[in-house]
Amino acid sequence: MKRLFNFSAGPSMLPLPVLEKAQADLISYQGCGSSVMEMSHRSAYFEPIIQDAEATLRRVMNISDDYAVLFLQGGASLQFSMIPMNLANQGDTTAYIVTGQFAKKAWQEGKRWGNAVAIATGEASNFAEIPEVTPDMVPEDAKFVHMTGNNTIFGTTFNTLPDVGDKTLVCDLSSTILGKDFDVNKFGLIYAGAQKNMGIAGLTCVIIRKDLIRSDLDPVVPSMLRYDLMAKNDSMYNTPPTWAIYMAGLCFHWVEDMGGIKALEKINKEKSDLLYNYLDQSKLFHPVAAKKDRSLMNVTFTLPTDEQTKAFLALCKDRDMINIKGHRSVGGCRASIYNAMPMEGVQRLVETMADFEKQEA
Ligand SMILES: *Cc1c(COP(=O)(O)O)cnc(C)c1O
């Protein structure tokens with residue numbers, strides 16, 4: 001069966017073994033006579049699925065018992081609201097590092113709830129660069145500092161964590177989770193939409209230090225937006241996204257089968273190096289992100305004219321490579337090369353860039 005190299009930023013490619021496993025289980029999960037999509041979330045079949053997904057994620061990311069793992073809905077975007085509502089009281093000061101479009105949205109949602117301060121922004125460079133953050137920039141009374149680990153749209157990343165002193169660091173890892181090794185203990189809360197690097201749309205993972213889960217919240221906070229209720233009910237306060245949790249579990253096992261996050265990070269480094277090395281010597285293609293802040297996962301680049309961009313994307317499509325068009329706020333091209341993108345896909349892209357450059361010269 002034909003499979004394309006899909007460079008989409010999300011929803012993105014899934015590992016073939018994951019799709020094959022899902023296919024084998026699709027109609028009758030382990031011979032039980034129902035698909036996972038048709039079972040009660042409280043059934044004897046589903047409970048082990050969610051428990052195994054959590055246990056596998058804990059092993060893969062080395063998450064200690066000090067943290068709760070929550071499987072929620074609403075995308076990473078709902079966390080922009082849930083985080084301030086659960087970690088701060090109305091009117092409290094919170095701090096945001098604005099490094100891209102999603103970071104900005106998080107900040108804007110934060111402002112609905114309290115005094116959300118943008119302590120640093122990369123807007124002057126159209127987010128091609130990560131601004132420097134020092135502890136003295138963080139307001140004394142900030143309940144947390146929010147950062148976006150990897151900026152999916154602009155192709156930049158924090159190659160080292162910002163120094164926020166003793167403040168609680170909250171991180172949107174939607175586009176790097178499982179692709180790069182992180183020490184969970186450095187964060188108060190990590191969240192990620194699953195559809196980029198850990199499964200399919202419909203699931204959001206939240207990893208939160210248990211002491212940050214509060215029960216004395218403002219009564220205005222809706223039940224569905226309370227971490228304490230979600231944690232107390234093992235993510236089953238209401239019907240969880242059962243199929244998405246099942247798919248995420250398969251992805252976590254795949255990461256383990258591949259040798260774990262460190263092994264994947266090494267491959268991801270090789271993949272992104274191949275692209276950046278080509279970009280650095282090219283006379284036609286131009287990398288967007290500042291060299292020191294380049295993303296391992298989303299490689300952004302431009303061509304001199306819109307006509308050339310169109311012609312290049314058409315050539316990619318002819319060669320079974322899709323979704324390389326850049327986000328409208330950056331233009332040009334973006335190759336998202338998450339865990340499931342094989343090295344062969346990146347090699348084919350670089351060969352195609354070289355062919356196109358020769359043709360244009
Ligand atoms: C995609 C993305 C989001 C938005 O995710 P949804 O699940 O669509 O809400 C937020 N932050 C980052 C870094 C992303 O890449």
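Ligands are counted one by one from 1 in listed order, and the atoms in each one are counted from 1 as well. What you see below is based on every heavy atom in this structure, not just the backbone, and it leaves out hydrogens, waters and symmetry mates.
- Salt-bridge formation is not detected for the pair Asp306/Lys310: no Lys NZ or Arg NE/NH1/NH2 atom is positioned less than 4.0 Å from an Asp or Glu carboxylate oxygen.
- Checked against side chain to side chain donor-acceptor pair (under 3.5 Å), Arg112 has the following partners two or more places apart in sequence or in another chain: Glu109.
- Checked against Lys167 for a side-chain contact (heavy atoms from CB on, under 4.5 Å), the options Leu169, Val170, Val164 give a single hit: Val164.
- Contacts of Thr157 classified as side chain to side chain donor-acceptor pair (under 3.5 Å), with partners at least two apart in sequence or in another chain: Asn150.
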Is there any protein N/O under 3.5 Å from an N/O of ligand 1, and what does the full list of such pairs look like?
{"residue": "ligand 1", "atom": "7 (O)", "partner": "Ala76", "partner atom": "N", "Å": "3.0"}
{"residue": "ligand 1", "atom": "7 (O)", "partner": "Gln195", "partner atom": "NE2", "Å": "2.9"}
{"residue": "ligand 1", "atom": "9 (O)", "partner": "Ala76", "partner atom": "N", "Å": "3.2"}
{"residue": "ligand 1", "atom": "9 (O)", "partner": "Ser77", "partner atom": "N", "Å": "2.8"}
{"residue": "ligand 1", "atom": "9 (O)", "partner": "Ser77", "partner atom": "OG", "Å": "2.6"}
{"residue": "ligand 1", "atom": "11 (N)", "partner": "Asp172", "partner atom": "OD2", "Å": "2.6"}
{"residue": "ligand 1", "atom": "15 (O)", "partner": "Thr152", "partner atom": "OG1", "Å": "2.4"}
{"residue": "ligand 1", "atom": "15 (O)", "partner": "Lys196", "partner atom": "NZ", "Å": "2.7"}

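- The existence of a salt bridge linking Asp280 and Lys291 is confirmed by a sub-4.0 Å separation between a basic side-chain nitrogen and an acidic carboxylate oxygen.
- Residues passing the side chain to side chain donor-acceptor pair (under 3.5 Å) test with Asp66, sequence neighbours excluded: none.
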